[in-house]
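Values in this document were obtained by computation on a predicted structure and should not be read as measured data. Note that these values count all heavy atoms, side chains included, but never hydrogens, waters or copies made by symmetry. So that the names make sense, note that chain A is the first sequence line, chain B the second, and so on, each numbered from 1.
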Amino acid sequence: MVHHWLVKSEPSAYAWEDLVKDGKTAWTGVRNFQARNNLRAMKKGDLVLFYQSVSAPSVRGITQVVKEAYQDGTAHEGDWSCVDLKSVRNLPTPVTLAEIKADPKLAEMALIKQSRLSVMPVTREEYKRILELAGMN
DNA sequence: GCCAACGTTGGC
DNA sequence: GCCAACGTTGGC
């Protein structure tokens, strides 16, 4: 059973274009318990939306979990995890935060309800709706 | 650049 | 255990 997720990144830290170029990356640096627990719940093959925060906030692409949670080597103290994500495809049209907020079907998204959470589950319906808005039918 | 919302820390 | 102070995130 494939589950769906959304991760955030500021383009100044790690942009969607960086992941497209790299192909794959270790999703390190998460230092929030709830976000960490979400990372740990990810399974290989799960699909993860890449959301760009702060600058032109929008969902930019689709990624996939290629390695499940393991020790985040960038953490010098504490019990933190990361996963490996690979880029799967670029969204033909990014789905902006404004569009998401304006869409009744997406009103319950954690992205809206818990604006500071950086790794969150997305329902199957929400995932499908985002792809629709991105022009992928 | 500003500021609201939120998570964490630490004094009591 | 409460809550004020503080730091960070992220929208605008």
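- At least one side-chain nitrogen or oxygen of A:Lys101 sits closer than 4.0 Å to the OP1 or OP2 atom of C:dC12.
- Rounded to whole Å, atom C1' of C:dG11 lies 16 Å from atom CD of A:Glu99.
- In this structure, A:Lys113 atom NZ and C:dG11 atom P are separated by 17 Å, rounded to whole Å.
- Mapped onto DNA chain B by nearest heavy atom, A:Asn32 and A:Val54 fall at different nucleotides, with A:Val54 at the one closer to the 5' end.
- Residues A:Trp27 and A:Phe50 place their aromatic rings such that the two centres sit under 6.0 Å apart.
- The distance between atom CZ of A:Phe33 and atom P of C:dT8, rounded to the nearest whole Å, is 16 Å.
- Residue A:Trp80 contributes atom CH2, which lies 7 Å from atom P of B:dT8 at whole-angstrom precision.
- Between the CG atom of A:Asn37 and the P atom of B:dG7 there is a distance of 13 Å, given to the nearest Å.
- Computed from coordinates, the A:Gln34 CD to B:dG7 P distance equals 7 Å when rounded to whole Å.
- Atom CZ of A:Arg31 is separated from atom P of B:dT9 by 13 Å (rounded to the nearest Å).
- Taking 4.5 Å as the limit, every side-chain heavy atom of A:Trp5 sits out of range of all side-chain heavy atoms of A:Leu39.
- Rounded to a whole Å, the CG atom of A:Leu111 is 11 Å from the C1' atom of C:dG11.
- Between A:Trp80 and A:Phe33, the ring center distance clears the sub-6.0 Å criterion.
- Distances shorter than 4.0 Å separate some side-chain N or O of A:Lys8 from OP1 or OP2 on C:dG10.
- Here A:Tyr51 does not reach the OP1 or OP2 of C:dT9: none of its side-chain N or O atoms lies under 4.0 Å away.
- With no hydrogens or angles considered, a side-chain donor-acceptor pair links A:Thr74 and A:Arg31 at under 3.5 Å.
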